[in-house]
Every structure is written in structure tokens, then in C-alpha cells.
Amino acid sequence: MELFVSEGNPHCLKVLSALEVTGVQCAVHYVNHEERVVPFLSRPALPALLLPSGEYLFSPNAICRYLFEVNGQESSEHSNQWLEWDATDLQPALLQALHVAVLQGKGSEVFQVLQGPVNVLDQSLSKGNLPYLTGEAVSVADIVLWAALYPVLSDSSLALGEYKFVKAWFDRVAAIHSCQSAAQKVLQGKGLQGLKSYLQRQPAPQSSQCRDTEPCNINLVECADEGGECVVSEKDVEAAALTWSKNLNADPLATDKRHPILPQEGKRNVLVTSALPYVNNVPHLGNIIGCVLSADVFSRYGRLRGWNLLYICGTDEYGTATENKAREEGLTPQRICDKYHAVHSSIYDWFQIDFDFFGRTTTQKQTEIAQDIFWRLHKNEFLVEDTVDQLRCEACQRFLADRFVEGICPYCRYPEARGDQCDKCGRLINAVELKEPQCKVCKQTPVIRSSKHLFLDLPKLETQLEEWLEETTSTGDWTANAKQITRSWVRDGLKPRCITRDLQWGTPVPHPDFKEKVFYVWFDAPIGYLSITANYTDKWEKWWKNPHQVELYNFMAKDNVPFHSVVFPCSLLGAKDNYTLVNHLIATEYLNYEDTKFSKSRGVGVFGDMAKDTGIPSDVWRFYLLYVRPEGQDSAFSWADMALKNNSELLNNLGNFINRAGMFVTKFFEGCVPVMELQQEDKKLLAVVGWELQQYIQLMDRVKIRDALKHILNISRHGNQYIQVNEPWKKIKGEDTERQRAGTVTGVSVNISCLLSVMLLPYMPTVSQTIRDQLNAPQSCISTMLHGTFVCALKAGHRIGTVSPLFQKLEVDQIEALKKRFGGQQQEDEPPIKKKSAQNTGSPQPATVPAPAVPAAEVVTTNEVDPEKAKQLTQAVAEQGDKVRELKAQKAEKAVITAEVAKLLDLKKQLALAEGKSSEPVPQKGKKK
């Protein structure tokens, strides 16, 4: 293992303390704050732990827990709760405290910021009457919290004063030599000033000053969109309690759609499109999150908010790609389109993409509307003729469409630039400009041939475009990458763009001089939005020729931005027919697969038609894709991370809270919500939950889908902490006042569950409905709460339904099998026996697992020394030992761990025999390496 840390980074004090205390053998590398250690992250992340498996841990608390578990010290549930409290409550407060003390020089204000968290810690230590946080011995929780607080509490000017329990605990841990040694390495004896260089590189935390003069003891809440914290005032608390007492809306939100959906006077009319997927490609996870899933979440949210919303999409079916696919499969282009349109529809149905209409571009409406726009552009003199040099493949006997030729970009020298655009620098390219071009079908070098074509005169439309862009980008929600890509196009100066092609499969050009040609797909495909809407309703113009009444949202990946922000708007502006232009352009970055790109041909990555065969519910797929949605930078799908997020966020956080709340009602109160008598603590919780709801709504309104999801998870974390502190399962056995308290906590918790079901609906529609069914929640709770009002939806006496777990754990062996299945051809290079052992992972029966490349028949059974065999088995023992430690760190099932430990012991016996020793195990003194 290798640990990467930097001096002056307070998070590194945690992991170095854990490393020193546990004594785990690990190489430590000191790097600068800006070092990018984790290869798949675009930002620096320190500390980072490189595991023997090649995977990285870069959460300080996760690294600490892993080190303790490698050393044989399992992390208890109590320890895990403290680690969660550190991450969600203590760290935001500490960040501000350090900023105030180190960068602003206001050390006297530090305890004003830390008062709430320190008070929580002191009260807990006073109740437990134990030397350490979780018992009689130091745990990972003690080391993590001590290291977090050390820079502040070790400063002599910051006396702990009345917090005697915190002081006694802090001094007790500080007396451990290993902790002091770690502190010296990180702070270099400089105290708080040793953190200055690190803190200067961090964004300034948002002020969390209470608006009232009284000290505010409520826990600090992380503000996901601004990176600061929120502290609610007493006024906020009272307002939340007043809102809680209100009734639900009398008129529930209508959930049944009445088609056709048309714009309505006095309503917010929202038209949502997602980029039309190529019909001949099965979409992979990156395609799904970049377009249809993101648009689906926003559309579901908009409907819940009461907007009059229409979501349309469809398959893009014309072009050379379809012709090639038809040739490959021995079908006509139309039959290929029919076949793969059904494949796309099936995939999106499984992912629960709730289109109002999913159409296609091979329709008569497409021909009519595209040709009408063409003639309007021609009439308005925005088309010009020119002779074009094109690439023709003599081997394939045809002109090459842009996406079927690759070569070296003439601008940035990227070796895999397409014939229309370079994915690296984003510049538009004419295929003949490529250096060393190749036909992607046969790999032959094409020749240049001339042909007469029609061009859209973009320079003539440039002024209109810039005026429109100035207005729409300043008033609408355009993602930063969409603005940047568009600006770079306009800044470089627009050039005429060819709109015709020498193909057969496409929308025919109606001009008599070009009757053998079809429209180029980039001109034709965006018109598909209009024609698909026209196939949905003959009143399509009420959406598409109504810019003053309709807001248009386009969802896509960043490579599609220029065609939606420059080229297609120019077509519509030039047509001069009052077309609705995009108001909000939402573009994602790219989602990669593990550390590489998706590739159907190489079998790398999960494609839409494969996801349902994994046994993982579509809601879980939706959740994880949205959790890692590449909103501001490229991100990566990771099987290990998917399992971690499922098991920690869904199972242990969200599902755990909702299930406990419902079970308490069923078990302790005969299935009826108990009477709730709110105390100040309950009101504070209502205020914090209400604030999280407001943040969720503000972020969703701005299409910050990933960030909004974090606020749902924050609420369930607050709920879990609330239940844990109040312990209703104990109080229900006590006196009347304690039983009443248990009832209040249960009632408040089950109402928070109801709120969570509403907030989850755009993300996980099936889970959302399941929760509401289990709670027997009234339909009106949806419309009430999604207007930012957290009211008591489940009143005292409300009878809930049958409660059952919402999520299942993703096991290590299950994930490893899936990772191997979708890992592509590189798996073929593994030794056969190593494959076999991987397939046996998780077997409940102990088994003899030979080392890689050692046939089972050759396992040594005598005491003869076999150096080569011993070398191979030594490596196998090391790998199996790492595997056992990782399983323990990931909290795998006991049966799985037992089986792997049995394999490890058997390998050690084989190693002993190969070394000429007795096969009897040597008594272990410890688990350190």
C-alpha cells in the first residue's frame, strides 16, 4: 500500500495518526497540495491511499477505517456514527473556524463557530462516562475526531473552558505518542499557521453567523451548491414549526396526463428535448445520463412543480451510419431503423424514462418541415452554392460521411479526429482537411472528388445570432461548458456550412438542381424535434412557433453543443417564421467507464440493453448515474463506487432511516402515527429539513441535478442522527413522558420519510411510489411539499401500510463478477486458474485455491523445496491477504469473509510445503504486515 499526504493539510493528520496508531506497514509519500494522485479525478484529492488491488481511497475517514480494519480492529456501528457526524457536521464548522483563525486572524471568534459541535461532543462524553468515544479503548472515531480538532484545540489561546469532558478526552488521546508524532509531521511545529498554505488554496466558506444574538447550537449543515454552511436562527425554527402545523393542499396534483399537452395561458409552459440518439447505436450509460435520463429527472420535477411540460425525444435515423448497419445485417435501411428504434424504446422503458412522446425522424412530417425550412432559407437568401472537395472511398464505392472518416486534426494534431469535428479541441473540420485520413469501414485511404453542394450562409446570420445569444445566455440557464463552447465558435468567426450530402438514405433535397442529394444529418436531425412533436400533435406549432409563451430546454452531451447553440438556431433565425429557440441549454461533460472509454466492439462498459441483465434495479442505476452525473467535469462509472454508494447512501443511510421510521410506527404504535408534541429539538430539525428542501428546489430549478440529490441524502442523515440521539426503542419502554417522546420522534421521522418520497420521485420513481405506498401517504403531499413547504402530511392517527426494506446490499463477489463481465477483452489475458478463483469468490464453502498459473494437479504435497513454486505461492498469499482485508474494509458478509480466509490459510499451507516446512500453521502474533 502507498499513502500520499501533504504537509499542512489537516485531513492528512487524520490518516497519518491512524497509520501511526495501527502500525500498518505502508509507504508514505509527501507531495504538494496540487498534486493529482488519483488518476481518474480532475482535481487534487489528498490524502489518497493506493491499495494493492490498484484502487484508490481518497476519503480521509474511509482511509482511517480501512487502516484500523487491516489491523484487525473492526469499526463498530457507534464508531461509524461518529465518522458520519464528523463528515456532515464537524467538518463544515471546522473549515470555517480554521478560515477565521488562520486567514482572518480572528482566533477569538473560533469557539463561536465551533460551539454547536463541541457542545454535542461534550454532552455525549458526559453521558457515556467512558474514557473514549465508543468504550474503554481507542477507536477509529477517537483518532479521526481528535485529529480533526487538534489544530484548533492544541492552540493555547483557545481554551476549552467549560467543556471539561472534551478536554479530558482530548488530552487522553493527545498523550498517545503516535498521535503527537503524526501532528509534528503535518504541522511541522507551526501550530495553526502550519495550515496556512493549504487553506489559502481552498474556497472561502460561506458565513454561518446566526442572525440572532443568542448562541445557535444547531448542527451546521453543508450547503452543497455554495460550499458553505447554513445555521438556522430562532426565527427560522419558529417559522418551520408554524409551517409544519398547516394542512396539505386541498387539491392534489393531477398525475394523469391528458394528451395532447399544449401550451396554456397563465401557466409556465416548458418544452423539454434531449438529443436524438443515433438509431443504429445501442446507448451506453454515458449516452443515457448525458441526454435522456437528465431530461427525464428535470421533466418529472417540473410536472411535480405544476408546470405545463412536454418532454419529447426520438431516434435520429437518417445518414450513412444507418446505411452501413443495413449492409452489415443484410436488411434495408428502413428495417434497420424499425429494429433499433424498438431496441431504444425498450431500453428507455426499462430505465423508466417518461417521455410524453418518443418518435423518429424517418417520417413524412420530417420531410415536410425540413423542406419548408429549406425553402424559407432559400427564399431569404441564406443559402449559397459551392463546389466541394469530398473524400470518396474507392474500395467501398461511395462518398464518406464525416463520421466514417478519421485522421489527424489539422489544429491540435489529435490522431482520432472525425470528419466533421475534433473531440479534443472542439474545432469544426471539413473532412478533406484531415491529415492522413482513413475510411473507418475498410481502413483504406480515400481520394478527393469534387461535387456541387448547398451551404447555410452562417456569416450572413452572425449578427442575428450574436444578438440572440447575448439575450438567451444572460437570461436562461446555460451550463458553463455550453457558454464556453458557443463563445469559442463565434469568436473564431463563422463559415458557410454545407447542408447537403451525396447519399441515398436521408431527407431528399427538393431543389431540382440537387435532386440526387439528401440533407446533411446535422441540418436535418435537429429539425426532428419539430417533426416528432408534429407526429405527437397536429398543433405542434403552438410549441415551436410560440417563443413568447414557451420555454425550451435542450439536454445533451457537450459534443452536441455547437449544433444546438449556433447551427440549428441559425437555420431557424434564417427561416424567419417565429420559431421557438432554446432558452436553456444543458450540456454534460463525458462519463467514462472505470479508467477508459465505453466500447461496444471491445466489450468495455455497460450498454443500455445489458443493465437489466445485471439484476440491479433500474432505480439503483438511475441513482448512481445521477450521483456521478458529469455536471462540471468528466466523471467515471466505477463498479466499486456504485457498490459503495448503494450500500452506504441507499442501504445504510436513506433506506435505513425510512425503514426504521416505518417499523417504529408498526411495532410500537400498532401501525398508526402517534401524537406528536414538538420540543425545541424537533423544531430545529424541522427548520434544517426545510432549509434542505429549499436548497433542493433552488438547485433543481437551475438544473443542478447532481447537487440537488445530495440534499435528499443530507435529510436522511439528519433523520438517522435524530433517531440515534433520541433512542425511541428505549424510551417506549419507559414512563409516560418517555413514551410520549418516543411517539413524537417516531411521528416526526415518518413525516420526514414522506417528504423524502416526494423529493426522490424525479430520481427513483419506483422507490418513491413504494415509500408512499408503505406510508399510505395522501396524494396531496406531492404538490404541497414540492412548493417548498414541509408540513405534517401524516397526522396523528394516520394508518400506514406494510413496511419492508427498500434496498439490497451489493455484495463484493457480485460486483467483481460484473466488473469482469463488462471489462472487455483484457480479461482474456488472465491465466485460466486466476479466472476460476475469481469466479469462486464468495463461495460459502472453504476451498483449495491454487496460486495463479499453478495447475491444481501440481500442488506440492511433500516437504521437498520448490523455489519457483514457493515464489508463485508467496505472490498468491499476498494477493489473497489483500483480498481478505478489502472484504473486511467493505463490510462484506461474514460467510464471504470466512470462505476467503479459508482460502488464505490453505494457500499458506501450500506455501509452507513448497518451502520444505511443516504445513501446520504458525501461531499468529498479529495481523500486521
Side-chain angles (χ1 to χ4, degrees), residues 248-274 291-314 348-349 351-359 477 529 532-533 536-537 539-540 542-543 546 549-555 580 583-584 586 618-619 622-623 626 629 693-694 696-705 708-709 711-712 754-773 777-789 793:
L248 293 172
N249 289 344
D251 298 322
L253 187 72
T255 55
D256 294 333
K257 301 177 189 176
R258 295 183 179 179
H259 294 288
I261 299 168
L262 297 173
Q264 297 178 29
E265 197 68 43
K267 282 215 167 190
R268 183 179 182 186
N269 300 295
V270 177
L271 177 58
V272 177
T273 71
S274 58
C291 303
V292 295
L293 179 54
S294 294
D296 176 67
V297 172
F298 183 72
S299 296
R300 288 176 181 272
Y301 168 77
R303 295 184 193 113
L304 293 180
R305 295 272 275 142
W307 304 342
N308 185 48
L309 186 145
L310 178 68
Y311 176 24
I312 61 104
C313 187
Y348 302 139
D349 283 347
F351 274 96
Q352 303 177 77
I353 308 300
D354 191 18
F355 302 115
D356 290 304
F357 187 72
F358 185 71
D477 282 314
Y529 298 134
I532 289 168
T533 310
Y536 165 70
T537 172
K539 298 179 181 178
W540 65 275
K542 290 191 174 183
W543 284 108
N546 190 2
Q549 200 175 25
V550 173
E551 285 182 70
L552 175 58
Y553 284 80
N554 288 163
F555 285 79
T580 303
N583 305 96
H584 315 276
I586 314 300
S618 65
D619 265 11
R622 287 173 63 106
F623 167 81
L626 293 160
R629 183 175 184 262
L693 173 60
Q694 288 294 335
Y696 167 91
I697 289 172
Q698 289 175 25
L699 288 166
M700 288 293 276
D701 281 353
R702 290 158 44 205
V703 207
K704 300 289 186 181
I705 295 170
L709 177 57
H711 288 279
I712 298 175
C754 185
L755 170 65
L756 287 169
S757 75
V758 177
M759 296 172 74
L760 275 171
L761 199 156
Y763 294 86
M764 307 178 79
T766 298
V767 168
S768 168
Q769 186 62 57
T770 300
I771 297 169
R772 282 179 284 124
D773 288 345
Q779 185 66 27
S780 54
C781 71
I782 296 176
S783 57
T784 303
M785 294 185 184
L786 257 290
H787 282 86
T789 307

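For reference, positions follow the sequence shown, starting with 1.
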Tell me, with the steps shown, if Gln779 and Arg772 meet side-chain contact (heavy atoms from CB on, under 4.5 Å). CA-CA 9 Å; Gln779 185 66 27; Arg772 282 179 284 124; 4.2 Å; yes
Smallest separation among heavy atoms of [X] and [Y], with atom names:
X      : Y      : answer
Ile705 : Ser294 : CD1-O, 3.5 Å
Tyr553 : Arg268 : OH-NH2, 2.9 Å
Ile312 : Tyr529 : CD1-O, 3.5 Å
Ile532 : Gly314 : CD1-CA, 3.7 Å
Leu756 : Ile712 : CD2-O, 3.5 Å
Pro263 : Asn308 : CA-ND2, 3.6 Å

Taking the inter-plane angle between the rings of [X] and [Y] on a 0 to 90° scale, is it parallel (under 30°), tilted (30 to 60°) or perpendicular (over 60°)?
X      : Y      : value
Tyr348 : Phe358 : perpendicular
Phe298 : Tyr301 : tilted
Tyr536 : Phe357 : tilted

After noting the C-alpha distance and the side-chain angles of Trp543 and Thr580, does the key distance pass the side-chain contact (heavy atoms from CB on, under 4.5 Å) rule? CA-CA 7 Å; Trp543 284 108; Thr580 303; over 6 Å; no
Side chain proximity check, [X] to [Y], heavy atoms < 4.5 angstrom:
X      : Y      : result
His711 : Leu699 : yes
Gln698 : Lys704 : no
Lys542 : Asn269 : no
Asp354 : Ser299 : no
Arg305 : Asp701 : yes

What's the spacing between [X] [atom1] and [Y] [atom2] if we round to 0.5 Å?
X      : Y      : atom1 : atom2 : result
Met759 : Ile697 : CE    : CD1   : 7.5 Å
Thr766 : Leu760 : OG1   : CG    : 11.5 Å
Ile771 : Met764 : CD1   : CE    : 8.0 Å
Ile353 : Cys291 : CD1   : SG    : 10.5 Å
Ile586 : Arg702 : CD1   : CZ    : 11.0 Å
Met700 : Arg300 : CE    : CZ    : 11.0 Å

Checking side chain to side chain contact (heavy atoms under 4.5 Å, CB included) against Thr537, which of Ile261, Leu310, Leu262 comes through? Leu262
Any donor-acceptor pair under 3.5 Å linking the side-chain atoms of Tyr311 with those of Ser274? yes
For Asn554 and Thr273, indicate whether the former's side chain and the latter's backbone hold a donor-acceptor pair under 3.5 Å. no
Checking the side chain of Ser768 only, and the main-chain atoms of Ser757 only, is there a donor and an acceptor separated by less than 3.5 Å? yes
Give the intermediate values and the outcome of side-chain contact (heavy atoms from CB on, under 4.5 Å) for residues Arg622 and Asp296. CA-CA 11 Å; Arg622 287 173 63 106; Asp296 176 67; 2.8 Å; yes
Could you walk me through whether Asp356 and Arg303 pass the side-chain contact (heavy atoms from CB on, under 4.5 Å) test, one step at a time? CA-CA 12 Å; Asp356 290 304; Arg303 295 184 193 113; 3.2 Å; yes
